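Values below: all heavy atoms of this structure, side chains included; hydrogens, waters and symmetry mates excluded. The chains referred to below are lettered A, B, ... by the order of the sequence lines, with proteins before strands, and numbering in each begins at 1. These numbers come from a predicted model, not from an experiment.
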Amino acid sequence: MIDLRALRDDPDRLRASQRARGEDESIVDRLLELDSGRRSALARFESLRAEQKSVGKSVSKASPEEREQILAKAKTLAADVKAAEAEAERIAAELDQTLSGVPNLVEEGAPEGGVDDFVVVEEVGTPREFDFTPRDHLELGEMLGAIDTERGAKVSGARFYFLTGVGAMLELGLLNMAMQQAVANGFTPMIPPVLVKPDTMEGTGFLGAHAAEVYQLPADDLYLVGTSEVPLAGYHAGEILDANALPARYAGWSSCFRREAGSYGKDTRGIIRVHQFNKVEMFVYTHPDRAHEEHLRLLAWEREMLDRLELPYRVVDIAAGDLGTSAARKYDCEAWVPTQGRYRELTSTSNCTDFQARRLNIRYRDEDGKPRFAATLNGTLATTRWIVAILENHQRADGSVVVPEALRPFVGRDVLEPINKK
RNA sequence: GGAGGGUUCGCAUAGUGGCCGAGUGCGACGGUCUUGAAAACCGUUAGGUCCUUACGGGGCCUCGUGGGUUCAAAUCCCACACCCUCCGCCA
């Protein structure tokens with residue numbers, strides 16, 4: 001949710017932001033109009049209510065002869081108050097409704113435009129030249145006895161898989177390495193619930209444009225989370241944090257569930273796009289004035305992981321029109337996937353400023369003792385998908401895969417050897 | 001799934017229709033006292049929102065949530081949510 005008072009002071013800022021996202025600018029005038037309507041309706045209600053209270057108080061003190069008259073007045077006042085309150089509530093509800101559809105203000109400097117208008121910030125490493133024809137991750141995964149998508153489909157359907165043997169070891173090692181790096185950087189490790197109540201899911205902004213992506217359990221009125229960002233954002237919902245508790249950095253380890261609605265036919269092979277995967281996610285609550293620098297820090301930590309895994313990748317600055325509802329700025333790191341001849345997203349870090357915190361009512365106490373909304377940020381440290389990049393980039397002609405040095409202690413092997421011939 | 005108990009200002013409690021947006025104790029913070037500290041004493045101590053601004057204040061809302069009764073609700077009625085205890089069942 002954006003800040004209405006800030007909007008009143010500087011409506012052009014939201015106009016510019018909406019323009020950058022390619023969204024409706026006229027919403028600004030609509031909001032301003034509803035806001036002033038709500039405030040005058042509220043003032044009307046409040047003065048009537050104040051009168052009602054003072055008249056009501058005089059009832060018990062009135063002499064019997066006045067009593068009748070005062071009661072009659074109180075009665076009409078009660079009706080007026082009720083009507084005024086209903087009107088104020090009606091406008092407030094309309095305002096909330098309109099406001100809930102407004103995405104976060106885009107950070108200055110973010111590229112304008114849509115999906116294809118991202119800016120490549122940096123390319124790191126160079127895609128490897130193969131002196132043999134590289135196998136794709138699924139072929140390698142099958143040779144190594146690491147990935148079984150056929151049985152995944154048998155048991156659970158399309159876009160499900162088993163990680164088997166070294167595949168399971170590889171994922172556990174990767175995620176543990178990510179966890180360890182996070183802890184070394186001062187994060188508190190967390191294993192959160194993956195089923196959350198509607199309030200929490202809504203508060204994080206995932207029931208807006210991406211509602212169709214979310215698994216829902218109607219029998220229990222719960223949602224399966226698509227990322228541990230959701231429970232980690234809900235963790236401090238409704239709280240007022242001590243200023244010196246900030247930044248509060250959490251590393252969430254969880255399974256993630258996504259319906260992948262609307263992506264039929266895309267990435268159907270292997271484990272690039274699946275309904276369930278595991279992820280280590282960084283989540284930070286901080287002071288709004290320090291959110292920008294924290295965002296760059298999260299990006300640096302993501303890059304540290306990619307560097308240690310010796311993967312070629314590029315950093316992209318996502319365009320305004322491709323940002324999520326809550327994000328003011330987003331950077332993705334995309335690793336090179338040799339058999340696709342292109343970069344694929346492995347990490348994503350968003351600065352949500354105080355947008356998410358406003359919805360979830362997450363505040364901190366500033367120097368003056370006043371509660372203020374905190375800023376929230378998130379970023380990926382490792383996911384199941386990383387296995388794709390690791391296998392493909394580090395493969396050898398015989399189908400074996402060299403485990404990057406930094407990962408070896410976590411996997412317990414230097415090389416993954418094929419057990420099935422192809 | 002069955003039975004019962006609970007939800008008040010950081011914590012603990014008081015409060016069965018107007019004197020309660022709310023008392024007391026603890027904790028925390030500030031002050032007096034002290035060489036320093038403790039004790040004692042004095043004071044402050046929820047959030048939201050709107051108005052006004054001499055920056056000091058004033059109005060309204062919030063006692064789990066929503067609705068109802070009433071001139072008036074923490075207090076009476078209804079529904080729901082959450083928590084706890086016991087029993088059963090399952091991991």
Side-chain angles (χ1 to χ4, degrees), chain A residues 1-9 31-100 191-203 207 216-223 231 234-246 248 255 285 288 354-374:
Chain A
M1 204 186 334
I2 60 159
D3 181 5
L4 266 182
R5 263 176 293 194
L7 174 71
R8 251 176 251 155
D9 294 342
L31 282 172
L32 290 172
E33 188 187 309
L34 282 168
D35 178 48
S36 80
R38 180 192 56 113
R39 280 184 296 154
S40 61
L42 194 63
R44 211 154 42 233
F45 157 69
E46 284 179 357
S47 68
L48 278 169
R49 175 72 179 148
E51 193 183 351
Q52 182 199 22
K53 280 169 81 161
S54 75
V55 171
K57 275 194 177 125
S58 67
V59 168
S60 55
K61 298 183 200 97
S63 61
E65 50 271 20
E66 296 172 324
R67 203 183 182 90
E68 196 74 8
Q69 195 192 339
I70 291 179
L71 272 179
K73 188 177 181 195
K75 237 169 192 160
T76 49
L77 263 175
D80 292 348
V81 166
K82 212 165 198 174
E85 185 176 23
E87 173 66 1
E89 276 174 3
R90 189 189 61 78
I91 298 177
E94 199 177 336
L95 177 62
D96 284 349
Q97 169 87 38
T98 309
L99 195 58
S100 71
I191 300 180
V194 293
L195 284 169
V196 299
K197 299 198 270 189
D199 282 356
T200 305
M201 192 52 93
E202 214 166 291
L207 291 185
Q216 188 182 7
L217 281 74
D220 300 286
D221 203 17
L222 290 168
Y223 294 92
Y235 189 67
H236 286 305
E239 297 182 15
I240 300 175
L241 304 167
D242 261 8
N244 58 25
L246 301 181
S255 291
Y285 298 85
D354 61 357
F355 186 88
Q356 215 171 38
R358 212 172 276 283
R359 286 189 175 195
L360 289 166
N361 197 23
I362 300 160
R363 293 170 291 174
Y364 68 96
R365 215 172 275 286
D366 72 4
E367 302 71 31
D368 310 328
K370 290 265 175 290
R372 299 265 150 81
F373 288 106

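Pair check for rG17(B) finds none; no Watson-Crick or G-U wobble contact set falls under 3.5 Å. Partner assigned to rU69(B) is none, using Watson-Crick or G-U wobble distances below 3.5 angstrom. Taking a pair to require two hydrogen-bonding distances under 3.5 Å in either a Watson-Crick or a G-U wobble arrangement, rA91(B) remains unpaired. The partner of rA40(B) is rU32(B), judged by Watson-Crick or G-U wobble contacts that both fall below 3.5 Å. rA54(B) is unpaired under the criterion used here, namely a Watson-Crick or G-U wobble arrangement in which both key atom distances are under 3.5 Å. Applying the Watson-Crick and G-U wobble criteria (two distances, each under 3.5 Å), rA46(B) pairs with rU62(B). Checking rC11(B) for Watson-Crick or G-U wobble geometry (two distances, each under 3.5 Å) identifies rG25(B) as its partner. rC82(B) is paired with rG6(B) under the Watson-Crick or G-U wobble criterion, all donor-acceptor distances under 3.5 Å.
Relative to the side chain of Arg365(A), the nucleotides rU49(B), rC51(B), rA46(B) differ in distance, and rA46(B) lies closest. Comparing rU69(B), rC82(B), rG47(B) by their closest approach to the side chain of Pro371(A) singles out rG47(B). Set against rA46(B), rC50(B), rC71(B), the side chain of Gln52(A) has rC71(B) as its closest nucleotide. You'll find that the side chain of Ala50(A) is closest to rC60(B), out of rG47(B), rC60(B), rC50(B). Across rU49(B), rC71(B), rG47(B), the shortest atom-to-atom separation from the side chain of Arg38(A) is found for rU49(B). Comparing rU49(B), rG59(B), rC71(B) against the side chain of Lys75(A) picks out rC71(B) as the nearest. Taking the side chain of Ala74(A) as heavy atoms from C-beta on, and the options rC61(B), rC50(B), rC71(B), the nearest nucleotide is rC71(B).
A gap of 32 Å separates the C1' atoms of rC55(B) and rC63(B), to the nearest Å. Using C1' as the reference atom, rC76(B) and rG15(B) are 16 Å apart when rounded to the nearest Å. Here, rG47(B) and rU8(B) have their C1' atoms 15 Å apart, quoted to the whole Å. Rounded to the nearest Å, the gap between the C1' atom of rU62(B) and that of rC20(B) is 14 Å. Only the C1' atoms considered, rC11(B) is 13 Å distant from rU45(B), to the nearest whole Å. Taking the C1' atoms as reference points, rU7(B) lies 14 Å from rC80(B), given to the whole Å. A gap of 28 Å separates the P atoms of rC50(B) and rU44(B), to the nearest Å. Taking atom P in both rG31(B) and rG36(B), one finds a spacing of 13 Å when rounded to whole Å.
Taking atom CG on Asn361(A) and atom P on rU65(B), their separation rounds to 14 Å, with Å as the unit. Atom pair Leu48(A):CG and rC51(B):C1' shows a separation of 16 Å (rounding to whole Å applied). Look at CD on Glu85(A): it is 12 Å from C1' on rU62(B), rounded to the nearest Å. We find that CG of Asp96(A) is positioned 17 Å from P of rG48(B), with the value rounded to whole Å. The CG atom of Leu42(A) sits 11 Å away from the P atom of rU49(B) (whole-angstrom rounding). Following rounding to the nearest Å, Lys197(A) (NZ) and rC80(B) (C1') show an atom-to-atom distance of 13 Å. In this structure, CZ of Arg5(A) is placed 9 Å from P of rG48(B), rounded to the nearest angstrom. Put simply, CZ on Phe45(A) is 19 Å from P on rG48(B), counting in whole angstrom units.
Counting any heavy atom pair closer than 4.0 Å across all strands shown, Ala78(A) reaches sugar-phosphate atoms only and no base atom. Note on Lys53(A): only backbone sugar-phosphate atoms sit closer than 4.0 angstrom, heavy atoms only; bases stay farther off. Arg8(A) comes within contact range of the sugar-phosphate backbone alone, with a heavy-atom separation under 4.0 Å but no base atom that close.
Of the residues near RNA chain B, Glu46(A) and Ile240(A), the one whose nearest nucleotide (by heavy atom distance) lies more toward the 5' end is Ile240(A).
Every pair passing side-chain hydrogen bond (donor to acceptor under 3.5 Å, both in side chains) that includes a residue from residues 75-89 of chain A is listed here, sequence neighbours excluded: Glu87(A)-Arg90(A).
Close to rG59(B), at under 4.0 Å from its OP1 or OP2, lies no side-chain N or O of Arg49(A). Between Lys82(A) and the phosphate of rU70(B), there is no side-chain N or O to OP1/OP2 separation shorter than 4.0 Å. An OP1 or OP2 oxygen of rC50(B) is reached within less than 4.0 angstrom by no side-chain nitrogen or oxygen of Arg44(A).
The shortest distance between side-chain heavy atoms of Tyr364(A) and Tyr285(A) does not fall below 4.5 Å. Side chains of Val81(A) and Phe45(A) form a contact here, defined as non-hydrogen atoms less than 4.5 Å apart. Using a 4.5 Å cut-off on side-chain heavy atoms (C-beta onward), Leu222(A) and Lys197(A) make contact. Between Asp3(A) and Phe355(A) there is no side-chain heavy-atom pair separated by less than 4.5 Å.
In summary, the side chains of Gln356(A) and Arg359(A) do not present any donor paired with an acceptor at a separation below 3.5 Å, with no hydrogens or angles considered.
The minimum heavy-atom distance linking Pro231(A) with Pro193(A) is given by the pair CG-O, 3.3 Å.
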- Task: Quick one: do Arg39(A) and Asp35(A) satisfy salt bridge (charged side-chain N to carboxylate O under 4.0 Å, His left out)? Show the steps, please.
- Result: CA-CA 6 Å; Arg39(A) 280 184 296 154; Asp35(A) 178 48; 3.6 Å; yes
